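See structure below.
These figures come from a predicted structure and were not determined experimentally. All heavy atoms count here, side chains included; hydrogens, waters and symmetry mates do not.
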Amino acid sequence: MSPKSAKLHLLSLATSMDRFKSNAVEGIADLLVKLPLELIADMNQFGELDIQSRYCDPLLSSMVADTTRKVVLRWPNKEDTMTTDIRPDAIVSTIVQRTFGQSLGFGEVKLGGDNTTTHSLCLDTLKLAVLSRNSVLKYNHPILTFQANDKKDNVTIALSSLHSFITLKNIRTLLRDTHLFWHCCYQAHSSPSVSTPSLSVAYPIDISALSPL
């Protein structure tokens, strides 16, 4: 069976499942047509955009994005509106009319090559903590954060090894995370209107001072 045929088969099965199970199945189906057949040996050939678009977005978008609920997962590489000098790789945003509304989640992605160090991973964790804190202080609701590190998490899987990822344990974890996001982070009637003034929340740590660049 080809990857496209397998994807269509999974999507057909997903139509008979509840919302959260179908989200997980749809994400796995999208991976089938995104992943390479075999593992790429040299991680230094990858860029962050490769990891984001080919490995992370197909699965994560099915879990935390829903256009009917006006929630999107985007990879803007731009500063969050409430926290200057921090550019998260991923932001889960609501859509209010024709603009992005409040942030429901943040994510960071690191390559597994030689440039990924303990310092850079700790710095990303600190960034996510600051972004989450500021958003919680303003909107008073939980925030989803995720950090993908290929050196530790083996993000860059291939079709030939996909079976090692799609285990019952991992599927249950995906279902639990999806359920928590939509029941805790997403609030259907709490999105601020476009005219709400932006509140810039200060934080006591200068992130730029910790970076060696």
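Here the side chain of S161 pairs a donor or acceptor atom with the backbone of A158 at under 3.5 angstrom. A donor-acceptor pair under 3.5 Å links the side-chain atoms of Q147 to the main chain of L121, judged by distance alone. Side-chain atoms of S135 do not come within 3.5 Å of backbone N or O of S132 as any donor-acceptor pair.
Rounded to the nearest 0.5 Å, atoms SG (C185) and NE2 (H141) are 7.5 Å apart. Atom OH in Y55 sits 10.0 Å away from atom CG in L31 (nearest 0.5 Å). Between atom OG1 of residue T178 and atom NZ of residue K21 there is a gap of 12.5 Å, rounded to the nearest 0.5 Å. To the nearest 0.5 Å, the span separating CG on L180 from CG on L175 amounts to 11.0 Å. Rounded to the nearest 0.5 Å, atoms CD1 (I28) and CD1 (I166) are 4.5 Å apart. In this structure, S93 OG and L73 CG are separated by 8.5 Å, a value rounded to the nearest 0.5 Å.
Closest non-hydrogen pair, S22 versus A14, comes out as CB-O, 3.3 Å. Of all heavy-atom pairs spanning Y139 and Q102, the tightest one is CZ-CB, 3.3 Å. Taking all atoms of both residues into account, the shortest heavy-atom contact from P76 to I91 is CG-CD1, 3.9 Å. The nearest pair of heavy atoms linking F165 to L59 is CZ-CD2, 3.7 Å.
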> When you look at V92 and V71, which way does the side-chain contact (heavy atoms from CB on, under 4.5 Å) test go after all the steps?
Replying inline: CA-CA 7 Å; V92 184; V71 177; 3.7 Å; yes
>> I'd like to know whether N23 forms a side-chain contact (heavy atoms from CB on, under 4.5 Å) with R19, so could you lay out the CA-CA distance, the side-chain angles of the two residues, the decisive distance to 0.1 Å, and finally the verdict.
In response: CA-CA 6 Å; N23 285 350; R19 186 178 75 223; 4.2 Å; yes
>> For M63 and F181: C-alpha separation, side-chain torsions, deciding distance, then whether side-chain contact (heavy atoms from CB on, under 4.5 Å) applies.
In response: CA-CA 9 Å; M63 294 171 56; F181 172 77; over 6 Å; no
> Could you walk me through whether L104 and T94 pass the side-chain contact (heavy atoms from CB on, under 4.5 Å) check?
Replying inline: CA-CA 7 Å; L104 306 179; T94 59; 3.8 Å; yes
Which donor-acceptor pairs under 3.5 Å do side chains of residues 1-11 form with protein atoms, sequence neighbours excluded?
from : atom 1 : to  : atom 2 : distance (Å)
S2   : OG     : S5  : N      : 3.2
S2   : OG     : S5  : OG     : 3.0
K7   : NZ     : D30 : OD1    : 3.3

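Annotation for R74: atom CZ counts as buried by contact number, over 12 foreign heavy atoms lying within 6.0 Å. Within a 6.0 Å sphere centred on CG of D18, other residues, nucleotides and ligands contribute more than 12 heavy atoms.
Between D124 and K127 the shortest side-chain heavy-atom distance falls below 4.5 Å. The shortest distance between side-chain heavy atoms of S103 and I143 does not fall below 4.5 Å. Contact of the D66 side chain with the Y186 side chain is not registered, since no non-hydrogen atoms from C-beta on lie closer than 4.5 Å.
For S61, the side chain to side chain donor-acceptor pair (under 3.5 Å) test picks out D57, with sequence neighbours left out.
The aromatic rings of W75 and F146 sit perpendicular, their planes meeting at an angle over 60°, well past the 30° parallel limit.
Under a hydrophobic clustering in which Ile, Leu, Val, Met, Phe, Trp and Tyr are joined whenever their side-chain heavy atoms come within less than 4.5 Å, directly or via other members, V136 and L128 fall into the same cluster.
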